[in-house]
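The structure appears right after this line, and notes come after that.
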Amino acid sequence: MCRFLAYLGEPVFLNELVCAPTHSLVHQSLHATEAKTETNGDGFGIGWYGERPEPGLYRDICPAWSDENLVNLCSQVRARTFFAHVRASTGTATTRANCHPFAHGRHLFMHNGQIGGYHRIKRRLEALIPDELYDTRRGTTDSEAIFLLALAEGLTEDPVGAMRRTVTTVRTLTQEAKVTEAFRFTAVLTDGETLTAYRWACDGRPPSLYYRETPQGLTVVSEPIDGCREGWKIVPKGGTLRARRGEGASISAPDAERIAA
């Protein structure tokens with residue numbers, strides 16, 4: 001499983017959250033404590049919003065702990081919204097195109113989890129993605145396929161409803177293929193001004209997801225970056241977190257878990 005971090009709030013330098021904390025995302029790339037694997041060394045990526053509506057991206061296949069460019073970039077870039085992700089592959093190639101986050105227009109998306117038995121439904125799943133969106137596909141991951149299919153379902157206008165329909169479609173495909181492995185979906189979406197985080201799974205065991213609100217902004221993480229849980233809240237299993245700049249985060253009732261069941 002991967003590890004990630006999302007931030008929405010007053011502009012801050014990326015290194016304040018990505019590199020500097022005791023249990024930062026860079027540290028988690030080598031020493032994660034709440035993931036299936038301790039090491040997340042199959043690439044990394046950051047996406048941030050600066051002066052333009054569309055986000056910038058920096059992704060690479062080397063481990064986050066060994067990339068001096070990442071540290072230097074994070075110490076210079078100041079952003080109001082950004083994503084950071086360290087990858088542990090669940091079966092697809094270690095390539096730059098497979099590193100998160102994924103961008104489409106103004107939106108960024110990143111995922112921690114997997115479609116169990118993805119290789120058995122990949123062809124049918126990709127066939128559901130409209131040509132104009134499929135033409136933008138650069139990698140081979142299940143995460144990017146989910147993102148593109150959700151865009152086709154109206155993700156930009158209805159982040160929860162569109163993702164619910166997408167998850168239902170994916171789960172139907174796995175059931176038809178008689179896949180017994182779990183579908184786990186902990187993910188975050190943003191357009192730079194709003195943020196939606198999902199913690200869903202078909203077996204009631206979604207990857208971990210925490211959040212913390214301060215006067216400065218909202219931080220959403222796979223595991224606390226300061227090495228302790230004090231001040232962090234857990235997004236409940238099956239729950240969805242939604243936030244808009246300048247407003248507090250809200251958590252929906254955990255009913256989405258049933259959708260993937």
Side-chain angles (χ1 to χ4, degrees), residues 2-29 32 34-35 40 44-59 64 67 70-87 99-104 106-112 143 147 159 186-199 207-235 239-251:
C2 309
R3 304 282 84 181
F4 63 52
L5 175 149
Y7 173 80
L8 175 73
E10 296 298 319
V12 298
F13 286 104
L14 272 60
N15 70 315
E16 294 181 23
L17 297 176
V18 177
C19 307
T22 304
H23 193 53
S24 70
L25 200 66
V26 172
H27 184 264
Q28 290 175 40
S29 68
E34 297 190 39
N40 298 272
F44 69 87
I46 54 175
W48 69 95
Y49 293 81
E51 300 301 317
R52 301 179 185 276
E54 296 80 16
L57 276 181
Y58 175 55
R59 302 182 294 177
D67 192 302
L70 173 64
V71 176
N72 290 332
L73 184 65
C74 287
S75 68
Q76 295 294 328
V77 173
R78 190 166 179 261
R80 66 189 189 277
T81 306
F82 60 86
F83 280 4
H85 186 282
V86 291
R87 183 171 182 250
C99 292
H100 306 223
F102 303 103
H104 186 275
R106 294 184 57 178
H107 287 79
L108 282 176
F109 173 81
M110 59 184 176
H111 173 220
N112 173 26
S143 303
F147 180 37
T186 295
V188 191
L189 171 78
T190 188
D191 60 2
E193 296 298 321
T194 64
L195 183 147
T196 305
Y198 317 83
R199 192 181 179 213
S208 56
L209 190 65
Y210 297 83
Y211 70 101
R212 180 171 65 188
E213 293 181 279
T214 68
Q216 188 177 44
L218 169 71
T219 306
V220 179
V221 295
S222 296
E223 45 189 89
I225 55 177
D226 53 8
C228 65
R229 295 192 180 185
E230 184 177 351
W232 295 92
K233 298 179 181 179
I234 298 175
V235 177
T240 305
L241 178 151
R242 302 194 70 179
R244 181 179 295 275
R245 183 177 308 284
E247 301 177 8
S250 62
I251 305 291

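The backbone N or O of Ser208 sits nowhere less than 3.5 Å from a side-chain atom of Glu223 that would complete a donor-acceptor pair. Between the side chain of Gln216 and the backbone N or O of Gly9 there is no donor-acceptor pair closer than 3.5 Å. With hydrogens and angles disregarded, no donor-acceptor distance shorter than 3.5 Å links the side chain of Ser143 to the backbone of His111.
Using a 3.5 Å distance cut-off with no hydrogens or angles, the side chains of Arg245 and Thr81 do pair a donor with an acceptor. Counted by atom type alone, Thr194 and Asp191 present one or more donor-acceptor pairs between their side chains at under 3.5 Å.
Here the straight-line distance linking atom CG of Leu209 with atom CH2 of Trp232 works out to 10.5 Å at 0.5 Å rounding. Between the CG atom in Leu189 and the NE2 atom in His104 there is a gap of 12.0 Å [rounded to 0.5 Å]. Note: Phe4 CZ to Asn112 CG = 5.5 Å, rounded to the nearest 0.5 Å. Taken to the nearest 0.5 Å, the CZ atom of Phe44 stands 14.0 Å off from the SG atom of Cys2. From Arg3, atom CZ reaches atom OG of Ser24 across 13.5 Å, with rounding to the nearest 0.5 Å. For the atom pair OG1 of Thr219 and CD of Glu16, the computed distance is 10.5 Å after rounding to the nearest 0.5 Å.
The minimum heavy-atom distance linking Ala103 with Pro55 is given by the pair CB-CG, 4.4 Å. Val26 and Ala64 get closest at one heavy-atom pair: CG1-O, 4.0 Å. Closest non-hydrogen pair, Ser75 versus Asn72, comes out as OG-O, 2.7 Å.
Counting only heavy atoms from C-beta outward, the side chains of Asp67 and Tyr58 approach each other to under 4.5 Å. The closest side-chain heavy-atom distance from Phe82 to Leu8 is not below 4.5 Å. Looking at Val235 and Tyr211, their side chains come closer than 4.5 Å, going by heavy atoms from C-beta outward. Put simply, the side chain of Leu57 does not reach to within 4.5 Å of the side chain of Ile46, judged on heavy atoms. The shortest side-chain heavy-atom distance between Pro207 and Arg199 does not fall under the 4.5 Å cut-off. Considering only heavy atoms from C-beta on, Thr240 stays 4.5 Å or farther from Ile251 through its side chain. Proximity of Leu241 to Thr196: side-chain heavy atoms (C-beta onward) are nowhere separated by under 4.5 Å.
Residues Asp226 and Arg212 are paired through a salt bridge, judged by an N-O separation under 4.0 Å between the basic side chain and the carboxylate.
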Derivation and outcome, side-chain contact (heavy atoms from CB on, under 4.5 Å), residues Tyr198 and Thr186 = CA-CA 5 Å; Tyr198 317 83; Thr186 295; over 6 Å; no

In sequence, state the C-alpha distance, the side-chain angles, and the governing distance for Val71 and Asn15, and then conclude on side-chain contact (heavy atoms from CB on, under 4.5 Å).
-> CA-CA 7 Å; Val71 176; Asn15 70 315; over 6 Å; no

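Residues meeting the side-chain contact (heavy atoms from CB on, under 4.5 Å) test with Ala6, sequence neighbours left out: Phe83, Met110, Val188, Leu195, Val220. Considering only residues two or more places apart in sequence or on other chains, Arg59 meets the salt bridge (charged side-chain N to carboxylate O under 4.0 Å, His left out) condition with none of them.
Taking the six-membered ring where the residue is Trp, the centroids of His100 and Phe102 are separated by under 6.0 Å.
Listed by first then second residue, pairs satisfying salt bridge (Lys or Arg N to Asp or Glu O under 4.0 Å) with a partner in residues 72-84 read Arg80-Glu193, not counting sequence neighbours.
When Leu14, Thr190, Leu17 are each tested for a side chain to side chain contact (heavy atoms under 4.5 Å, CB included) with Tyr7, only one passes: Leu17.
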